[in-house]
2 protein chains.
Amino acid sequence: MSLPHAILTALLEKPSSGLELTRRFDKSIGYFWSATHQQIYRELGRLEREGYIRALPAPTPARGQKKEYEVLPEGRAELARWTAASQDPKPLRDPLLLRLRAAAVVGTDGIEADLRRHLDLHRRQLAEYEEIEKRDFPPGLDSVEDRLQHVVLRAGIDLETFWARWLEQSLEELGLDLS
Amino acid sequence: MSLPHAILTALLEKPSSGLELTRRFDKSIGYFWSATHQQIYRELGRLEREGYIRALPAPTPARGQKKEYEVLPEGRAELARWTAASQDPKPLRDPLLLRLRAAAVVGTDGIEADLRRHLDLHRRQLAEYEEIEKRDFPPGLDSVEDRLQHVVLRAGIDLETFWARWLEQSLEELGLDLS
DNA sequence: TTCTCCATGTAATTCGTTACATGATTGT
DNA sequence: ACAATCATGTAACGAATTACATGGAGAA
């Protein structure tokens with residue numbers, strides 16, 4: 001039940017149309033909760049039916065016309081309720097770890113190349129996050145909002161750092177040099 | 001498409017019935033690919049229909065009777081193929097990070113207690129993994145299989161370490177002492 | 001006999017993904 | 001006029017979650 005709340009958060013930050021939301025989900029919020037335009041349109045319809053958001057009055061409402069949404073007080077209340085509610089952490093589910101475990105049974109042939117590729121992808125993502133940190137979070141920011149957004153970005157940076165280090169160590173441990 | 005391959009791996013390690021698999025998915029393999037008994041039974045049926053596994057001949061095949069499965073050569077081949085195939089890393093998707101982002105908009109009321117709870121849960125999981133490491137991976141193990149299983153466990157340990165540290169730092173950053 | 005596990009399933013729903021469809025706007 | 005792009009959707013499917021159903025075996 002996270003997607004509707006991701007959308008409510010995005011719309012509170014700035015009222016938007018479906019496609020604008022889709023673009024914003026390719027960065028920012030999408031860094032920790034991705035979504036496609038099909039999911040977003042479906043969810044916008046649901047949220048509107050349930051009275052959490054409404055479409056801003058448009059001159060000519062028609063298919064193919066831009067439709068902007070804003071959050072209603074009920075939507076904000078629901079988001080506050082959900083944010084405060086306790087939730088268990090999801091158990092880890094990672095195909096790459098599963099593949100290594102399988103490789104212990106059927107052999108490691110062909111997996112090293114993909115480990116190196118993952119290492120490269122995580123390094124790139126890390127660099128991107130660090131760019132954002134440098135740009136958007138100069139030292140000396142103090143508001144609670146800034147601090148919250150910063151710790152979230154920190155999670156992204158630390159996670160990518162973990163993956164990169166772990167992949168480096170694992171490649172070495174398995175006797176595969178780093179090219 | 002990971003669940004069938006998780007099951008093939010588990011069955012290669014040791015032929016099992018559905019319920020035995022379910023129990024093993026509560027530990028070991030389940031630490032990085034969890035599954036419920038409903039998923040497992042459905043997938044066992046599919047794998048059998050497709051000729052990847054077969055039920056061992058039982059004295060009295062009937063509902064409510066234990067049914068053991070073993071992997072056929074086709075199943076092993078499919079697992080080897082999947083293990084070697086390239087796969088993109090899944091984008092991060094974490095409800096807790098989303099809630100912090102939402103809290104930047106609707107306020108932090110009620111979220112600190114859950115952050116502390118998550119910290120506690122991650123510390124417990126970390127302790128459990130470290131127990132396993134001490135028990136199953138004494139220094140001096142050398143086979144490729146052991147090393148592979150060890151780096152997988154290492155990923156679990158490092159991930160839990162990351163979450164615990166990140167939660168400690170975030171609670172502090174948000175001005176909430178660690179009680 | 002009834003209760004409690006063990007063991008194997010079915011059913012309904014939701015969420016995410018992939019592919020496709022349609023209208024409006026802008027540039028050439 | 002045509003193509004490309006913007007924008008909003010539909011349809012179909014697969015995977016995961018939740019709840020429920022059925023049967024067998026042993027203990028009180």
Side-chain angles (χ1 to χ4, degrees), chain A residues 1-8 10-11 15-26 29-30 32-50 53-56 58-69 82 87-95 98, chain B residues 1-8 10-11 15-26 29-30 32-50 53-56 58-69 82 87-95 98:
Chain A
M1 289 285 295
S2 293
L3 178 58
H5 302 96
I7 292 178
L8 286 173
L11 285 180
S16 305
S17 68
L19 195 62
E20 280 163 10
L21 277 178
T22 303
R23 297 209 194 298
R24 290 172 61 196
F25 269 78
D26 283 338
I29 288 197
F32 47 90
W33 202 273
S34 59
T36 63
H37 80 273
Q38 294 89 335
Q39 285 177 276
I40 288 170
Y41 283 118
R42 188 178 19 179
E43 210 58 46
L44 282 172
R46 227 176 280 180
L47 288 166
E48 190 177 23
R49 274 201 313 280
E50 286 169 10
I53 63 175
R54 65 162 189 155
L56 293 178
T60 49
R63 195 189 170 102
Q65 286 299 100
K66 205 158 101 165
K67 232 165 102 183
E68 289 238 314
Y69 290 93
W82 177 82
Q87 265 185 263
D88 282 336
K90 286 280 142 208
L92 173 60
R93 225 178 224 190
D94 189 284
L98 192 55
Chain B
M1 290 288 293
S2 293
L3 178 58
H5 302 95
I7 292 178
L8 286 173
L11 285 181
S16 305
S17 69
L19 195 61
E20 280 163 10
L21 277 178
T22 303
R23 299 210 193 297
R24 290 172 61 196
F25 270 78
D26 283 338
I29 288 199
F32 47 89
W33 200 273
S34 60
T36 63
H37 80 273
Q38 294 90 336
Q39 284 176 278
I40 288 170
Y41 283 118
R42 182 179 2 135
E43 211 58 48
L44 282 173
R46 227 176 280 179
L47 287 167
E48 190 177 22
R49 274 201 312 280
E50 286 169 11
I53 63 175
R54 65 160 189 158
L56 294 178
T60 49
R63 195 187 171 106
Q65 285 301 98
K66 208 159 102 165
K67 233 164 102 184
E68 290 238 313
Y69 291 94
W82 177 82
Q87 266 184 264
D88 282 336
K90 286 278 142 207
L92 173 60
R93 225 181 223 186
D94 190 284
L98 193 54

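Just so it is clear: chains get the letters A, B, ... in the order the sequence lines come, proteins before strands, and each one is counted from 1.
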*Asks:* Could you check whether any side-chain N or O of A:Ser34 sits under 3.5 Å from a backbone N or O of A:Gly30, counting only pairs where one atom can act as donor and the other as acceptor?
*Replies:*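 Between the backbone of A:Gly30 and the side chain of A:Ser34 there is no qualifying donor-acceptor contact (under 3.5 Å).
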*Asks:* Can you tabulate the close N/O pairs, meaning under 3.5 Å, that link protein atoms to atoms of nucleotides 16-20 of chain C?
*Replies:*
{"unit_1": "C:dG16", "atom_1": "OP1", "unit_2": "B:Arg93", "atom_2": "NH1", "d": "3.4"}
{"unit_1": "C:dG16", "atom_1": "OP2", "unit_2": "A:Gln39", "atom_2": "NE2", "d": "3.1"}
{"unit_1": "C:dG16", "atom_1": "O5'", "unit_2": "A:Gln39", "atom_2": "NE2", "d": "3.4"}
{"unit_1": "C:dG16", "atom_1": "N7", "unit_2": "A:Arg42", "atom_2": "NH2", "d": "2.8"}
{"unit_1": "C:dT17", "atom_1": "OP2", "unit_2": "A:Gln39", "atom_2": "OE1", "d": "3.4"}
{"unit_1": "C:dA19", "atom_1": "N6", "unit_2": "A:Gln38", "atom_2": "NE2", "d": "2.7"}

*Asks:* Checking B:Pro89 now: which residues fulfil side chain to side chain contact (heavy atoms under 4.5 Å, CB included) with it, not counting sequence neighbours?
*Replies:*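 Here the qualifying residues are A:His118, A:Leu121, A:His122.
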*Asks:* Taking only N/O atoms, report every protein-nucleotides 3-5 of chain D pair under 3.5 Å with atom names and distance.
*Replies:*
none

*Asks:* To the nearest Å, give me how far apart CE (B:Met1) and P (D:dA16) are.
*Replies:*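 About 10 Å, once rounded to whole Å.
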*Asks:* Would you mind reading off the distance between B:Glu48 atom CD and C:dT8 atom C1', rounded to a whole angstrom?
*Replies:*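 Result: 13 Å.
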*Asks:* Roughly, in whole Å, what's the span from CD in B:Glu20 to P in C:dG9?
*Replies:*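 In whole Å, C:dG9 P lies 14 Å from B:Glu20 CD.
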*Asks:* Would you tell me if any nitrogen or oxygen in the side chain of B:Tyr41 comes within less than 4.0 Å of OP1 or OP2 on C:dT8?
*Replies:*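 Looking at the OP1 and OP2 atoms of C:dT8, one of them is under 4.0 Å from a side-chain N or O of B:Tyr41.
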*Asks:* Could you walk me through whether A:Ile29 and A:Ile7 pass the side chain to side chain contact (heavy atoms under 4.5 Å, CB included) check?
*Replies:* CA-CA 9 Å; A:Ile29 288 197; A:Ile7 292 178; over 6 Å; no
*Asks:* When you measure from the side chain of B:Gln39 to the backbone N and O of B:Thr36, does any donor-acceptor pair fall under 3.5 Å?
*Replies:*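 Answer holds: yes.
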*Asks:* Report the distance from atom CZ of B:Phe25 to atom P of C:dT8, rounded to the nearest whole Å.
*Replies:*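 It is 15 Å, rounded to the nearest whole Å.
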*Asks:* For the pair made of CG in B:Leu19 and C1' in D:dA25, what is the distance, rounded to whole Å?
*Replies:*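 After rounding, the gap between these two atoms is 15 Å.
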*Asks:* C:dA7 P sits how many Å from B:Arg23 CZ, rounded?
*Replies:*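 Whole-Å distance recorded here is 6 Å.
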*Asks:* Run the salt bridge (charged side-chain N to carboxylate O under 4.0 Å, His left out) test against A:Arg24 and tell me which residues pass, sequence neighbours left out.
*Replies:*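 Counting only residues at least two positions away or on another chain, A:Arg24 forms a salt bridge (charged side-chain N to carboxylate O under 4.0 Å, His left out) with A:Glu13.
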*Asks:* OP1 or OP2 of C:dT25 versus the side-chain N and O atoms of A:Lys66: is any pair under 4.0 Å?
*Replies:*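 Answer no for this pair, as no side-chain N or O of A:Lys66 is under 4.0 Å from OP1 or OP2.
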*Asks:* Would you compute the distance between atom CG of B:Leu47 and atom CZ of B:Arg42 and round it to the nearest 0.5 angstrom?
*Replies:*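 These two atoms lie 12.0 Å from each other.
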*Asks:* Using a 4.0 Å heavy-atom cut-off across all strands, classify B:Thr22 as base, sugar-phosphate, or nothing.
*Replies:*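 Counting heavy atoms under 4.0 Å across all strands, no contact is made by B:Thr22.
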*Asks:* Could you work out, with ring-ring contact (aromatic ring centres under 6.0 Å, His included) as the rule, every residue matching B:Trp33, not counting sequence neighbours?
*Replies:*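 Listed in chain order: nothing, the list is empty.
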*Asks:* How long is the straight-line distance from CD of A:Gln87 back to CG of B:Leu98, given to the nearest 0.5 Å?
*Replies:*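 Spacing of CG (B:Leu98) from CD (A:Gln87) equals 9.0 Å.
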*Asks:* In this structure, how many angstroms lie between the C1' atom of C:dC15 and the CD1 atom of A:Ile40, rounded?
*Replies:*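 The distance from CD1 of A:Ile40 to C1' of C:dC15 comes to 14 Å, rounded to the nearest Å.
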*Asks:* With sequence neighbours excluded, what pairs up with A:Glu50 under the side chain to side chain contact (heavy atoms under 4.5 Å, CB included) test?
*Replies:*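 In terms of side chain to side chain contact (heavy atoms under 4.5 Å, CB included), with neighbours along the sequence ignored, A:Glu50 is linked to A:Arg46, A:Tyr52.
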*Asks:* Rounded to whole Å, how long is the line connecting atom CG of A:Leu47 with atom P of C:dT14?
*Replies:*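 Taking CG of A:Leu47 and P of C:dT14, I get 15 Å after rounding.
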